[in-house]
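Have a look at the structure below before the remarks.
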Amino acid sequence: MKALKHKIIQEGNVLSESVLKVDSFLNHQIDPVLMQQIGEEFASRFENAGITKILTLESSGIAPSMMTGLRLGVPAVFARKRKSLTLIDDLYSAKVHSFTKNETNEISISKDYITSDDTVLVIDDFLANGEAAKGLIDIVYQAGANLAGVGIVIEKGFQSGGDSMRNEGIRVESLVIIESLENGKVTFREEKTTI
Ligand code: G4P
């Protein structure tokens with residue numbers, strides 16, 4: 001997706017060989033115009049998949065999910081990472097280990113919002129080892145719902161999450177795939193362009 005690559009080139013900051021900082025438009029401040037384009041792109045890729053719900057994980061997955069939901073005309077549900085005052089019973093839960101942060105979160109959603117009648121599109125901001133996406137997929141299966149696929153804003157192709165899900169037969173649509181962050185440069189997979 002051209003506009004997203006352009007934004008990464010303009011504003012992305014390579015923090016290390018494995019971490020790209022994109023706080024100016026995705027993880028802290030949000031660019032609503034870009035987010036709308038992202039929603040349109042996910043919606044067009046999945047428009048014939050019969051999606052009835054979008055499922056994501058708080059917090060950075062919410063903006064792209066909402067924009068996609070707006071375009072597809074379906075609700076976006078976000079799994080919570082922390083206990084909520086109101087989210088107390090009838091939950092689906094899954095454990096998600098973050099290698100980056102070296103912590104495990106129990107993510108949960110109310111059983112009210114995903115049911116066996118749903119066809120679910122899982123969306124997240126980053127795909128690294130795929131732990132978050134796999135936790136969300138686990139919840140889709142616990143609910144007996146149908147998984148349409150996974151939409152990712154930025155996939156780090158040098159980490160294993162994308163390939164391992166594709167090998168399992170899951171449809172993974174990433175708007176950009178980063179091949180490497182070596183030498184302080186972003187190299188995208190398709191064109192092998194660097195910044
Ligand atoms: P995984 O789910 O694919 O296994 O990823 P991992 O555990 O490595 O990632 C944990 C958190 O770090 C996630 O955010 C993920 O989106 C984010 N992350 C992973 N790699 C990068 C990166 O290169 N750049 C940035 N900016 N983020 C990365 P989170 O803890 O859920 O945060 P948030 O959604 O509350 O913002």
Side-chain angles (χ1 to χ4, degrees), residues 1 4-5 7-32 34-35 38-39 42 54-69 76-84 87 93-109 121-140 147 149-168 170-189 194-195:
M1 188 185 156
L4 176 60
K5 274 188 190 160
K7 194 77 166 172
I8 292 171
I9 291 165
Q10 295 291 310
E11 298 182 20
N13 203 335
V14 177
L15 288 191
S16 70
E17 295 206 334
S18 63
V19 178
L20 175 69
K21 183 170 171 169
V22 286
D23 277 8
S24 71
F25 62 92
L26 185 60
N27 292 133
H28 197 14
Q29 173 171 264
I30 292 170
D31 180 335
L34 180 67
M35 225 38 79
I38 285 171
F42 280 137
I54 297 177
L55 179 62
T56 191
L57 181 56
E58 65 174 346
S59 53
S60 300
I62 295 175
S65 297
M66 209 194 84
M67 288 305 193
T68 309
V77 183
F78 63 92
R80 291 186 184 272
K81 289 177 191 158
R82 287 161 221 92
K83 294 267 176 279
S84 150
L87 189 61
S93 301
K95 284 206 166 35
V96 171
H97 180 72
S98 167
F99 292 98
T100 319
K101 295 181 175 171
N102 195 23
E103 64 183 24
T104 300
N105 286 300
E106 174 134 312
I107 65 167
S108 41
I109 70 157
L121 170 59
V122 167
I123 285 186
D124 209 359
D125 57 335
F126 266 90
L127 178 61
N129 295 300
E131 291 289 310
K134 285 174 187 166
L136 293 169
I137 291 168
D138 186 7
I139 284 179
V140 173
L147 177 72
V150 177
I152 297 294
V153 180
I154 302 174
E155 175 177 343
K156 293 190 290 183
F158 54 89
Q159 290 181 276
S160 63
D163 290 341
S164 99
M165 284 192 286
R166 290 184 185 99
N167 289 340
E168 284 175 35
I170 294 168
R171 180 178 174 194
V172 181
E173 292 281 346
S174 298
L175 303 188
V176 302
I177 302 180
I178 289 175
E179 186 65 35
S180 120
L181 294 171
E182 282 167 23
N183 305 315
K185 287 186 297 201
V186 180
T187 304
F188 294 105
R189 180 166 285 181
T194 59
I195 57 167

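Atoms within each ligand, like the ligands themselves, are counted from 1 in listed order. Numbering starts at 1 and runs along the sequence shown.
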Distance from atom 6 (P) of ligand 1 to nearest protein heavy atom, with residue and atom: T100 OG1, 3.3 Å
The atoms of ligand 1 lying under 4.0 Å from a heavy atom of F99, numbered in the order shown, are 7 (O)
Return the residue, atom name and 0.1 Å-rounded distance of the protein heavy atom closest to atom 15 (C) of ligand 1. F126 CB, 4.1 Å
State whether the shortest distance between N or O atoms of A132 and N or O atoms of ligand 1 falls below 3.5 angstrom. yes
Ligand 1 atoms in contact with N129 (distance to a heavy atom under 4.0 Å): 1 (P), 3 (O), 4 (O)
Measuring from atom 4 (O) of ligand 1, which candidate in K156, E131, K101 has the nearest non-hydrogen atom? E131
Just do the salt bridge (charged side-chain N to carboxylate O under 4.0 Å, His left out) check on R82 and E58 with the steps written out, would you? CA-CA 10 Å; R82 287 161 221 92; E58 65 174 346; 3.3 Å; yes
When you look for heavy atoms under 4.0 Å from ligand 1, do you find them on the side chain of A133, its backbone, both, or neither? neither
Run the contact test for G130 against ligand 1 with a 4.0 Å cut-off on heavy atoms, strictly below, and give the result. yes
What residues form a salt bridge (Lys or Arg N to Asp or Glu O under 4.0 Å) with E17, not counting sequence neighbours? none
Show me which atoms of ligand 1 lie under 4.0 Å from any heavy atom of A128. 3 (O), 5 (O), 8 (O)
Using a plain distance cutoff, I'd like to know if N27 has any nitrogen or oxygen under 3.5 Å from a nitrogen or oxygen of ligand 1. yes
Ligand-residue contact atoms, ligand 1 with S18, heavy atoms, under 4.0 Å: 23 (O)
Please confirm whether K81 approaches ligand 1 to less than 4.0 Å, judged on its heavy atoms. yes
For ligand 1, the portion of D125 having any non-hydrogen atom under 4.0 Å away: side chain
Tell me whether H28 at atom NE2 has more than 12 heavy atoms from other residues, nucleotides or ligands lying less than 6.0 Å away. no
Any side-chain heavy atom of L175 within less than 4.5 Å of one from I152? no
Please could you name the atoms of ligand 1 that S60 approaches to less than 4.0 Å, counting only its heavy atoms? 33 (P), 34 (O), 36 (O)
D125 meets the side chain to side chain contact (heavy atoms under 4.5 Å, CB included) criterion, sequence neighbours left out, with L26, N27, S60
Contact between V176 and I8 at the side-chain level, heavy atoms closer than 4.5 Å - yes or no? yes
Would you check the N or O atoms of V22, main chain and side chain alike, for any that come under 3.5 Å of an N or O of ligand 1? no
Nearest heavy atom to atom 25 (C) of ligand 1 wins, so pick from I178, V19, L20, L127. L20
